[in-house]
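To start, the structure itself, in structure tokens.
Given the structure is predicted, the values throughout are model-derived calculations rather than measurements.
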Amino acid sequence: MASSPQPITCFGPDFPFDYTAWLDHPDGLLAVPEGDHGDEVAVIGAGIAGVVAAHELMKLGLRPVVFEAGRMGGRLRSQRFGAADDVIAELGGMRFPRSGTTFFRYVDELDLATRPFPNPLTPAAPTTVIDLAGETLHAETLDDLPPLFREVADAWSEALEDHAGFSELQDAMRVKDHDRVRTLWAALVDQWDE
């Protein structure tokens, strides 16, 4: 009998290790002797790594003390500019695909707020304004954009397919073929490493 495909639970295609199974292991990540429960442990930085470390340390019975020089969130934070409240800068990470199940596991466990990334012409940003060669264009659909935009998008898709085997990688991820994902990704790393 063929087994059903297992979900790819990873940070992204370049990390096809099943972190979720590792985190869910009945023995846990590790154990702390009971006599050490309640001990303070310093965590430097309140970015996602520091917050996750503090979370896991608490689950082990320790008392993390998080030291942060600025604001929580590290590079996973959107920042408004003082004089221009309508201007927001992303300080690092902006987009996280739902395939990053370990990342979203911690987003859920830590009850972190997220919003859809405002890609133009999506429900999060249904209109866009583009200045091209001195002409201002307003678009509500892809068809409102000049043909050049479609040509660039098509060329990009073709390049991904021709030089990265994108559809084969997507298919391997879709059917949860860990070994194939790992093989395809390793070939890309070798090809583009320099």
Side-chain angles (χ1 to χ4, degrees), residues 1-32 43-62 64 73-78 90-124 142 150-194:
M1 174 192 300
S3 63
S4 62
Q6 296 299 309
I8 293 182
T9 51
C10 55
F11 289 115
D14 53 340
F15 296 102
F17 179 77
D18 192 349
Y19 286 97
T20 303
W22 183 62
L23 292 170
D24 288 337
H25 193 278
D27 292 336
L29 296 178
L30 58 99
V32 173
V43 176
I44 309 301
I48 190 66
V51 171
V52 166
H55 177 70
E56 290 296 340
L57 289 166
M58 283 191 301
K59 288 169 38 178
L60 293 171
L62 298 169
R75 293 184 308 135
L76 299 185
R77 192 166 44 84
S78 303
E90 300 300 332
L91 300 180
M94 296 180 287
R95 305 174 191 203
F96 300 92
R98 291 304 304 183
S99 62
T101 55
T102 303
F103 174 81
F104 282 99
R105 171 197 181 106
Y106 283 113
V107 165
D108 294 340
E109 280 186 26
L110 298 166
D111 198 26
L112 300 175
T114 62
R115 290 184 304 246
F117 189 82
N119 286 317
L121 307 181
T122 64
L142 287 174
R150 178 75 64 186
E151 290 172 31
V152 169
D154 291 345
W156 175 248
S157 294
E158 187 176 318
L160 283 176
E161 193 56 41
D162 292 348
H163 301 287
F166 192 58
S167 62
E168 188 177 3
L169 181 59
Q170 284 184 308
D171 289 343
M173 291 181 72
R174 193 173 295 112
V175 298
K176 319 296 188 221
D177 186 343
H178 293 273
D179 293 333
R180 188 76 185 133
V181 169
R182 192 175 293 113
T183 299
L184 292 168
W185 192 255
L188 288 174
V189 170
D190 287 343
Q191 180 181 354
W192 294 101
D193 194 33
E194 294 297 327

Can you name the closest pair of heavy atoms from [X] and [Y] and give their distance?
{"X": "Ala172", "Y": "Leu184", "answer": "CB-CD1, 4.1 Å"}
{"X": "Gly50", "Y": "Val43", "answer": "O-CG1, 3.5 Å"}
{"X": "Val32", "Y": "Leu30", "answer": "CG2-CD1, 4.1 Å"}
{"X": "Ala54", "Y": "Pro64", "answer": "O-CG, 3.3 Å"}

[atom1] of [X] to [atom2] of [Y]: how many Å apart, nearest 0.5 Å?
{"X": "Asp108", "Y": "Phe103", "atom1": "CG", "atom2": "CZ", "result": "10.0 Å"}
{"X": "Leu169", "Y": "Glu161", "atom1": "CG", "atom2": "CD", "result": "10.0 Å"}
{"X": "Leu121", "Y": "Leu142", "atom1": "CG", "atom2": "CG", "result": "5.5 Å"}

(message) Is there a side-chain contact between Glu109 and Leu23 in this structure, where contact means two heavy atoms from C-beta onward sitting under 4.5 Å apart?
(response) no
(message) For Arg105 and Asp24: C-alpha separation, side-chain torsions, deciding distance, then whether side chain to side chain contact (heavy atoms under 4.5 Å, CB included) applies.
(response) CA-CA 11 Å; Arg105 171 197 181 106; Asp24 288 337; 2.8 Å; yes
(request) Using the salt bridge (Lys or Arg N to Asp or Glu O under 4.0 Å) rule, collect all pairs that involve residues 43-56, keeping only residues at least two apart or in two chains. (result) Glu56-Lys59
(request) Report the residues that fulfil side-chain contact (heavy atoms from CB on, under 4.5 Å) with Leu110, sequence neighbours left out, ordered by chain and then residue number. (result) Val51, Val52, His55, Tyr106, Leu112
(request) Using side chain to side chain donor-acceptor pair (under 3.5 Å) as the criterion, list what pairs up with Glu168, not counting sequence neighbours. (result) Arg180
